[in-house]
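Chain identifiers are assigned alphabetically (A, B, ...) following the order of the sequence lines, protein sequences preceding nucleic acid strands; residue numbering begins at 1 within each chain. Note that the coordinates shown come from a computational prediction; the quantities given were computed from them, not determined experimentally.
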Amino acid sequence: MNPYSVLRGPEGFLPPAAALAGNILPETGQGHIEGQIVSEEEAIEEAARKFVSAKVPTIFPGPLVLWGWNEKAIRTAEAVERLSVAGGINIIPMPDYRPKYPKIDPEAEINPNHPNLTIWHNKIDVCMFVGVHCHYANLSLKIIRGGTACFTMAFCAHAGHEDANLTVRDILPEKIDRVTEIVKKLKLNSKKF
Amino acid sequence: MGREKIQINEEFWDIMPDDYKDLVNHSTYGKTDRGWKDVGSSTELIAEHSLCAGCPESIAFRHIMASMPSPEDTVMVGSTGCTSLVFPMVAVHNIHSLFGNQNAVATGLKRALNVRFPNKNKDVIVLAGDGATVDIGLDMTLQSWFRGERFTTICFDNELYANTGGQESGLMQKGFVAKMAPVGKKFEKVRLPEIARESGCAYVAVLTTSKPSLVERVVRQAVLIAREIGPTYLQIYTPCILEIGKQSMEGLQEMRDAEAAGERFKFREFITPEAQAFIDDMAAKKKAEKLASAAN
């Protein structure tokens, strides 16, 4: 077991890439929580718990979900909205990745080049990335871990992200609906978990 | 990509920042008669660029973006230079290539698009500075023309390496003294338009960006000819006002001076008979359509 845990920050100006610290990506059917490989279901349940216990939970949908460029994107957007409504979770979009001048409006959007501004401004303590292209998700996740105390969850359409505090890979609308289902149960009766 | 894919998912419409809503509602995607006159009345496909105030390159960029026949089905390939500061702000798919490799990257891209979308017109436009096109990337530029690759190459010619402080480039005029070329250039400006013509380009034009309607006609023509006939090349004078010691408001006059009779950027174009026939045919069809719609 790798001793390095991908914990909440702030870890410092230049946190190491988790991959360099020896963390590996989950295989199909798995996820990771703080760098430790777990089953996908376990990661999904933990994501729901984090959302329910957060003060300012927020979803950051990226371009792959914000824009209706294919059937899956449209269905994923619907699933994200269901999750947002069920959990009372804010949505702040990451519409694209360009560096914006002179600066972004942190209440309206998040930018991968300085995601910490949005997190600091809105006091976000738990966030979920969904539909963000891998390279910019990695960049953002590292900056967030470096400078904020926000717990990051990356729901990825491909292989997941080591630099998130929690990741679920091969994301489908059904997996987001599974989070919604658990969030609803937790809100009804926390004793069941 | 296609016009139909540039849509915000319904669920997120209310939380999207206004500039993205404007892009969907008021841009010129899918409009067949788009052109420079849309600038000011429609949302442009370029926003918040970080070029210097009054930079002719930014003006050229805006005119080119406004003139592309179908931006939603276009991929631009850029290279190192001031243009690479703008590409992240452009609402058209684009690739940043390694310095000088832009025409090689565009070749692979164009071929892949032809395989992936055999029944669709997918345009590829290379946009690079004179250093990338003529010095560092000359091999790639010429080889793509020799092979007859069907895409448009646009060279923003500012006659030096502006981004790095003013070094001598192949397109610099003879005798010119720049900040980092203090002894003056010893040989003539490379005659790339003539080389392009001899290398197999179906359409070549040399111009400045002082006349938007001319830029529109030339860009449109170059893209459409590249789509159907063969490679096309445009060399556009975009002086670096900083490096030639001008003020922000003097860029336009500099271009006007450079395109005067006998000057190096006097408008000239070369078109092969085949490309000319294609353009004539297109113009005749457009005219017939206009007459038919007027009659109805």
Side-chain angles (χ1 to χ4, degrees), chain A residues 58-86 89-114 117-118 122 128 130-133 135-136 139 173 176-177 180, chain B residues 1-27 29-30 43-53 55 58 61 65 71-76 78 82-96 116-117 120 122:
Chain A
T58 305
I59 302 171
F60 298 135
L64 294 168
V65 171
L66 288 169
W67 299 88
W69 61 289
N70 66 17
E71 189 52 36
K72 187 185 166 191
I74 294 168
R75 291 199 302 120
T76 309
E78 290 164 357
V80 168
E81 196 193 31
R82 283 193 290 270
L83 173 59
S84 162
V85 171
I89 304 166
N90 299 330
I91 302 180
I92 296 182
M94 186 187 281
D96 64 22
Y97 309 128
R98 62 192 157 125
K100 293 197 171 180
Y101 306 109
K103 66 169 188 153
I104 56 152
D105 174 359
E107 272 177 34
E109 61 184 309
I110 179 167
N111 187 281
N113 306 290
H114 33 67
L117 298 183
T118 299
N122 299 292
M128 176 206 252
V130 59
V132 179
H133 288 85
H135 48 300
Y136 278 103
L139 172 72
I176 296 175
D177 282 338
T180 310
Chain B
M1 184 166 64
R3 166 100 174 104
E4 72 284 355
K5 300 204 171 165
I6 308 167
Q7 294 299 331
I8 297 167
N9 272 327
E10 214 178 292
E11 292 74 18
F12 300 128
W13 187 260
D14 56 333
I15 54 147
M16 279 294 251
D18 288 342
D19 41 342
Y20 299 93
K21 292 183 199 168
D22 282 347
L23 198 61
V24 172
N25 287 335
H26 306 297
S27 72
Y29 292 127
T43 304
E44 288 187 61
L45 303 184
I46 175 172
E48 298 177 343
H49 66 75
S50 57
L51 298 182
C52 307
C55 172
S58 68
F61 230 117
M65 298 300 293
E72 62 277 9
D73 285 309
T74 300
V75 185
M76 300 183 84
C82 290
T83 54
S84 45
L85 300 175
V86 184
F87 272 114
M89 307 297 162
V90 160
V92 171
H93 280 302
N94 59 80
I95 295 176
H96 179 80
R116 176 67 181 80
F117 303 98
K120 225 172 177 188
K122 291 281 182 183

task = Report the distance from atom CG of B:Asp19 to atom NZ of A:Lys100, rounding to the nearest 0.5 Å.
result =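 Between atom CG of B:Asp19 and atom NZ of A:Lys100 there are 4.5 Å.
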query = Could you give the distance from NE2 (B:His49) to CZ (A:Arg98), rounded to the nearest 0.5 Å?
reply =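 Rounded to the nearest 0.5 Å, the NE2-CZ separation comes to 12.0 Å.
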task = Against chain B, label A:Glu78 side chain, backbone, both or neither, depending on which of its atoms sit under 4.5 Å from a heavy atom there.
result =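 Both parts, heavy atoms under 4.5 Å.
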query = Below 4.5 Å, heavy atoms only, C-beta onward: do A:Pro93 and B:Phe12 meet side chain to side chain?
reply =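 The answer is no; the side chains never approach within 4.5 Å.
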Run the side-chain donor-acceptor check on residues 63-77 of chain A: report pairs under 3.5 Å with partners two or more places apart or on a different chain.
unit_1	atom_1	unit_2	atom_2	d
A:Trp69	NE1	A:Leu64	O	2.9
A:Asn70	OD1	A:Lys72	N	3.2
A:Asn70	OD1	A:Ala73	N	2.7
A:Lys72	NZ	A:Ile171	O	3.2
A:Arg75	NH1	A:Glu174	OE2	3.1
A:Thr76	OG1	A:Lys72	O	2.6

task = Determine the minimum heavy-atom distance between B:Pro17 and A:Ala108, stating which atoms define it.
result =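 Shortest heavy-atom separation between B:Pro17 and A:Ala108 comes out as CG-O, 4.3 Å.
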